[in-house]
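To find a chain, count down the sequence lines: A is the first, B the second, and so on, and within it residues start at 1. The figures here come from the full heavy-atom set of this structure, side chains too, leaving out hydrogens, waters and symmetry mates.
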Number of protein chains: 4
Amino acid sequence: MINICREGVVKIKKELIRKAAIDVIAENGFFNAAVDRIAARAGVAVGTVYNYFEKKEDILDYIFQVEYEKRVSFLEDLKKRDTGPVEKIREIMNMHFSEMKKNPNLARVLLRERGFAEQDKMIHIKKFEELPAQIKDIIQEGVDKGFIRKCNPEILSVIIFGAVEALMTKFILENKNGEISDIFDVALEEMSNLLEKGLVQSPGES
Amino acid sequence: MINICREGVVKIKKELIRKAAIDVIAENGFFNAAVDRIAARAGVAVGTVYNYFEKKEDILDYIFQVEYEKRVSFLEDLKKRDTGPVEKIREIMNMHFSEMKKNPNLARVLLRERGFAEQDKMIHIKKFEELPAQIKDIIQEGVDKGFIRKCNPEILSVIIFGAVEALMTKFILENKNGEISDIFDVALEEMSNLLEKGLVQSPGES
Amino acid sequence: MINICREGVVKIKKELIRKAAIDVIAENGFFNAAVDRIAARAGVAVGTVYNYFEKKEDILDYIFQVEYEKRVSFLEDLKKRDTGPVEKIREIMNMHFSEMKKNPNLARVLLRERGFAEQDKMIHIKKFEELPAQIKDIIQEGVDKGFIRKCNPEILSVIIFGAVEALMTKFILENKNGEISDIFDVALEEMSNLLEKGLVQSPGES
Amino acid sequence: MINICREGVVKIKKELIRKAAIDVIAENGFFNAAVDRIAARAGVAVGTVYNYFEKKEDILDYIFQVEYEKRVSFLEDLKKRDTGPVEKIREIMNMHFSEMKKNPNLARVLLRERGFAEQDKMIHIKKFEELPAQIKDIIQEGVDKGFIRKCNPEILSVIIFGAVEALMTKFILENKNGEISDIFDVALEEMSNLLEKGLVQSPGES
DNA sequence: CATGAATGAGGATTCATTCAT
DNA sequence: CATGAATGAATCCTCATTCAT
């Protein structure tokens with residue numbers, strides 16, 4: 001469908017820039033990603049970038065904003081669903097892994113450039129950092145309903161998110177130029193097992 | 001005046017610079033940490049920095065090197081000890097958390113600037129990134145001895161390290177200017193529980 | 001306001017910088033010619049210089065390029081002309097001397113900064129160094145047509161070029177701040193005589 | 001013979017530095033020749049260099065001074081000899097060429113770094129530049145005695161010196177890393193011929 | 001809105017020179 | 001005299017940002 005309205009057109013350019021920025025930043029890191037090069041990659045003039053973003057940092061923040069919103073709406077959908085909490089967490093992991101397979105560069109940026117969360121201007125990076133809190137609710141609900149043992153949901157949400165991101169980081173480092181291994185399936189399984197059984201040998205099991 | 005020994009003096013200056021760099025990088029991020037400011041903080045001239053480090057990047061790499069060596073010798077000691085694997089992992093977490101309490105700025109740097117591991121020159125950052133592999137051995141040993149259930153030790157080491165680092169990151173973000181909460185004790189407990197029992201309510205438990 | 005044409009405008013700025021560079025380099029030598037000062041002399045910002053030249057060295061190379069091309073086209077015209085070889089050489093000298101009177105600073109640069117010909121990047125300085133070879137052809141032709149006695153044209157071209165440049169250097173050193181003496185006419189005459197008669201007293205002449 | 005006196009010892013160190021400087025400057029040019037590297041090459045500490053030379057430039061000037069004095073005493077000897085002027089000039093050329101074969105690096109420095117003659121501090125470089133004037137006397141004497149035709153001796157001395165240096169420069173550029181070709185013999189012959197016969201075909205010669 | 005030349009503050013790095021030992 | 005660590009001014013170059021067209 002053709003989107004002719006002004007806003008739609010605007011968004012197309014902004015999208016071009018956002019996507020170019022993801023690639024350039026993934027390749028060079030945010031600081032080494034010159035605005036000129038981002039513009040060039042987007043097939044656009046430098047000045048044009050500054051029609052859509054006030055400062056270079058805003059580009060990065062916008063990248064996080066888009067992903068943040070994607071995740072928020074995903075999590076909202078998820079919460080409504082009727083599955084158990086472990087299954088939900090499994091789906092969250094699944095979502096992250098498959099997003100990463102779709103766009104490894106994006107994952108690279110999301111994982112590497114979070115350092116800016118401390119800066120006050122980067123409101124969406126900061127928000128992104130608060131996403132684990134969303135898992136907290138799922139865990140809390142699981143506890144309330146008796147599916148999950150008593151625990152500190154906030155801490156556990158951090159633990160789970162950290163684990164997921166560490167897995168992604170590992171695979172990024174190992175697959176710099178190649179295809180993402182399907183080791184993700186193994187990772188998924190291991191995480192599920194950890195949550196279900198812990199890591200310790202139960203008495204009476206082989 | 002007594003000059004302890006040439007090598008000692010050299011190390012003192014290099015130490016001054018290293019410590020100053022940790023603070024300045026923690027506050028501004030590596031890229032915004034001007035060498036001039038690091039030198040000033042160290043009470044030293046710019047040129048002096050370049051007597052000890054060839055390039056700015058080498059300062060960062062050296063920071064990782066020192067910490068890497070600390071951790072390696074810690075892990076070597078740990079392996080020799082006679083405790084069970086879960087207890088060992090607990091000690092690793094404990095070590096990280098207490099290191100962090102001692103020097104939060106250092107933790108900030110270690111957590112935030114790992115992105116450079118992809119650069120070839122940063123050999124110690126790269127090595128640092130491979131530390132989780134050390135946990136792998138502990139897990140493997142646990143499996144072999146029957147203390148830990150069958151699993152993929154490599155993946156699980158990544159999961160555990162990721163969890164620990166996420167916890168540290170969270171507390172850094174929340175305690176930018178303040179004292180580190182003793183929430184670490186809770187975190188420690190929760191991690192231990194996760195490893196021992198998983199997250200799921202066992203049938204027959206309340 | 002009428003914008004002659006994009007390319008024209010570009011050339012104007014590049015010309016400004018080139019001319020400023022000639023003066024600053026002539027006064028201080030290439031190494032002591034700070035890019036900032038060249039920019040200031042050109043009435044332009046530092047950054048602008050780097051819009052037209054990738055590196056400082058490229059400015060110097062460009063100065064040689066422009067002069068090289070001037071000389072090549074002059075020599076091509078000259079070859080076509082119907083005059084004898086000695087007359088042609090005389091015209092070459094004349095051209096050099098009058099160019100030098102027009103812009104002594106330029107001559108200063110051309111004579112003093114050739115040392116860079118050894119660097120691989122300075123392709124035009126290297127080419128400039130090969131200009132004497134053009135005289136070689138003229139001499140060779142003279143030999144072929146019987147106007148010039150048997151000799152090694154390559155060596156002689158070097159000798160002639162060297163002589164011309166030494167003369168120019170001498171006058172530059174003697175006329176740092178003043179007008180170029182018209183001693184050039186004498187020099188021209190002496191060179192012509194040398195070529196025609198040698199330096200030795202012929203038997204039977206007074 | 002062992003030279004134990006203070007001055008002798010001093011000179012040995014100064015000589016070490018001078019020779020090292022010649023090599024380092026020949027390889028990198030004067031500006032890229034760091035005093036550290038000169039000192040290192042001489043097997044001496046930086047500070048030691050400054051015990052013998054006040055400023056870096058003084059090292060270069062000293063190199064020229066030594067060579068200047070060598071040439072002056074050579075020319076004084078030469079003047080006393082009973083040979084004809086052309087033969088004397090031939091010997092001057094011969095001296096330059098063979099000096100150059102002995103130490104190409106030195107020749108490189110002498111030819112490339114004369115640009116500093118304009119600076120007031122470099123008194124010996126300036127003096128070196130005035131050496132051609134010594135040939136002037138030889139020519140003048142030749143004219144007076146009837147061996148050389150009437151001419152402007154000053155101009156001709158410049159011409160001859162320029163020719164010689166151009167030949168040396170050419171061979172340096174062509175023999176950067178290799179042995180100096182024996183083309184010098186040819187050059188010597190051609191110069192002699194030029195001086196004796198000029199370049200023009202005499203009527204009645206083949 | 002699009003363009004991209006111009007800007008100049010900022011930062012990494014070098015290196016001549018000093019001076020305490 | 002010898003040493004070489006320390007100094008910091010000086011310089012090249014980058015790049016975010018502006019603005020006239």
Side-chain angles (χ1 to χ4, degrees), chain A residues 6 9-10 13-14 31-40 42-59, chain B residues 1-3 6 9-10 12-14 31-40 42-59, chain C residues 1-3 6 9-10 12-14 31-40 42-59, chain D residues 6 9-10 13-14 31-40 42-59:
Chain A
R6 181 159 308 248
V9 174
V10 166
K13 277 263 159 84
K14 203 172 179 181
F31 268 96
N32 293 317
V35 179
D36 306 46
R37 253 172 287 161
I38 293 173
V44 153
V46 215
T48 307
V49 173
Y50 281 86
N51 287 331
Y52 294 94
F53 300 95
E54 269 199 6
K55 313 181 116 269
K56 185 192 173 189
E57 291 185 342
D58 294 344
I59 308 177
Chain B
M1 206 212 300
I2 300 169
N3 188 341
R6 179 146 318 218
V9 173
V10 166
I12 283 167
K13 275 268 157 75
K14 201 171 181 183
F31 272 100
N32 290 316
V35 178
D36 307 45
R37 251 172 289 158
I38 293 174
V44 151
V46 212
T48 306
V49 173
Y50 283 88
N51 286 337
Y52 294 94
F53 300 96
E54 275 200 1
K55 314 183 116 260
K56 187 190 172 191
E57 290 185 344
D58 294 344
I59 308 176
Chain C
M1 208 213 298
I2 299 170
N3 187 341
R6 180 146 318 219
V9 174
V10 165
I12 284 168
K13 275 268 156 75
K14 202 171 179 182
F31 271 101
N32 290 316
V35 178
D36 306 47
R37 250 173 288 159
I38 293 174
V44 151
V46 211
T48 306
V49 173
Y50 284 89
N51 286 335
Y52 295 94
F53 300 95
E54 274 200 4
K55 315 180 118 264
K56 186 189 172 191
E57 291 185 343
D58 293 344
I59 308 176
Chain D
R6 184 159 307 251
V9 174
V10 166
K13 276 264 159 85
K14 202 172 180 182
F31 268 96
N32 293 317
V35 179
D36 307 45
R37 251 171 289 161
I38 293 173
V44 152
V46 215
T48 306
V49 173
Y50 282 86
N51 287 331
Y52 294 94
F53 300 95
E54 269 199 9
K55 314 180 117 269
K56 186 191 172 191
E57 291 184 342
D58 295 345
I59 307 176

Undergrad: Side chain of V44(C): nearest nucleotide among dC13(F), dA5(E), dT7(E)?
TA: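 The listed nucleotide nearest to V44(C)'s side chain is dT7(E).
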
Undergrad: Rounded to the nearest Å, what distance is computed from the CD atom of residue E57(A) to the C1' atom of nucleotide dC15(F)?
TA: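 Result: 14 Å.
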
Undergrad: Among the candidates dT7(F), dT17(F), dC15(F), find the nucleotide nearest to the side-chain atoms of A34(A).
TA: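 The answer is dC15(F).
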
Undergrad: Do any side-chain nitrogens or oxygens of Y52(A) fall under 4.0 Å of OP1 or OP2 in dA2(E)?
TA: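 Yes, within the criterion.
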
Undergrad: Measure the distance from NZ on K13(B) to C1' on dG4(F) and round it to the nearest whole Å.
TA: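 Between C1' of dG4(F) and NZ of K13(B): 12 Å.
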
Undergrad: With rounding to whole Å, what would you report as the distance between dC1(E) and dT21(F) at their P atoms?
TA: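 Approximately 22 Å lies between the P atom of dC1(E) and that of dT21(F).
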
Undergrad: Considering only dT17(F), dA6(E), dT13(E), which nucleotide approaches the side chain of V46(B) most closely?
TA: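 The answer is dT13(E).
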
Undergrad: For the pair made of OH in Y50(A) and C1' in dA20(F), what is the distance, rounded to whole Å?
TA: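 After rounding, the gap between these two atoms is 18 Å.
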
Undergrad: Can you tell me the pairing partner of dT21(F) across any strand shown, Watson-Crick or G-U wobble, with both distances under 3.5 angstrom?
TA: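 dA2(E) - that is the nucleotide pairing with dT21(F), both distances being under 3.5 Å.
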
Undergrad: Where do V49(C) and V44(C) come nearest, in terms of heavy atoms and distance?
TA: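 Shortest heavy-atom contact: N-CG1, 4.3 Å.
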
Undergrad: Can you tell me how far apart OH (Y50(C)) and NZ (K56(C)) are? Round to the nearest 0.5 Å.
TA: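 Those atoms lie 8.0 Å apart.
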
Undergrad: For A40(D), which contact category applies under a 4.0 Å heavy-atom criterion: base, sugar-phosphate, or nothing?
TA: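 The residue A40(D) makes no contact with any strand.
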
Undergrad: Considering only dT17(E), dT17(F), dC1(E), which nucleotide approaches the side chain of K55(A) most closely?
TA: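 Among dT17(E), dT17(F), dC1(E), the one nearest the side chain of K55(A) is dT17(F).
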
Undergrad: Among the nucleotides dA16(E), dA5(F), dT18(F), which one has an atom lying closest to any side-chain atom of K56(D)?
TA: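 Taking heavy atoms from C-beta onward, the closest nucleotide is dA16(E).
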
Undergrad: Please report, rounded to the nearest Å, how far the C1' atom of dA6(F) is from the CD1 atom of I12(B).
TA: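 To the nearest whole Å, that distance equals 15 Å.
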
Undergrad: Side chain of N51(C): nearest nucleotide among dA16(F), dT3(F), dA5(E)?
TA: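 Minimum distance to the N51(C) side chain belongs to dA5(E).
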
Undergrad: How do F31(C) and G43(B) order along DNA chain F: which one's closest nucleotide is nearer the 5' end?
TA: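 Nearest nucleotide further toward 5': that of G43(B).
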
Undergrad: Rounded off to whole Å, could you give me the CD1-to-P distance for the I38(C) and dG8(E) pair?
TA: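 Those two atoms, CD1 and P, are 17 Å apart.
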
Undergrad: Find which nucleotide of DNA chain E each of V49(C) and N32(B) is nearest to by heavy atoms, and output the residue with the more 5' nucleotide.
TA: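 Going by which nucleotide is closer to the 5' end, it is V49(C).
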
Undergrad: Measure from CZ on F53(D) to P on dC1(F) and round the result to the nearest Å.
TA: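 Atom-to-atom, F53(D) to dC1(F), this comes out as 13 Å.
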
Undergrad: Between dC1(E), dC13(F), dT7(E), spot the one nearest the side chain of A45(C), thanks.
TA: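 Closest nucleotide to the A45(C) side chain: dT7(E).
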
Undergrad: R37(D) CZ to dG4(F) P: how many Å, rounded?
TA: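 One finds 18 Å between P of dG4(F) and CZ of R37(D), rounded.
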
Undergrad: Passes side-chain contact (heavy atoms from CB on, under 4.5 Å), N32(D) versus F31(C)? Steps please.
TA: CA-CA 9 Å; N32(D) 293 317; F31(C) 271 101; 3.5 Å; yes

Undergrad: In this structure, how many angstroms lie between the P atom of dT18(F) and the CG atom of D36(A), rounded?
TA: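 Result: 14 Å.
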
Undergrad: So how far is it from K14(A) NZ to I59(A) CD1, rounded to the nearest 0.5 Å?
TA: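 Nearest 0.5 Å value for the NZ-CD1 distance: 10.5 Å.
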
Undergrad: For V35(C), report the nucleic acid contact type (base, sugar-phosphate, nothing); a contact means any heavy atom under 4.0 Å.
TA: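 Contact class for V35(C): sugar-phosphate only.
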
Undergrad: Any idea which of dT7(F), dT17(F), dA2(F) is nearest the T48(B) side chain?
TA: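 Side chain of T48(B) sits closest to dT7(F).
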
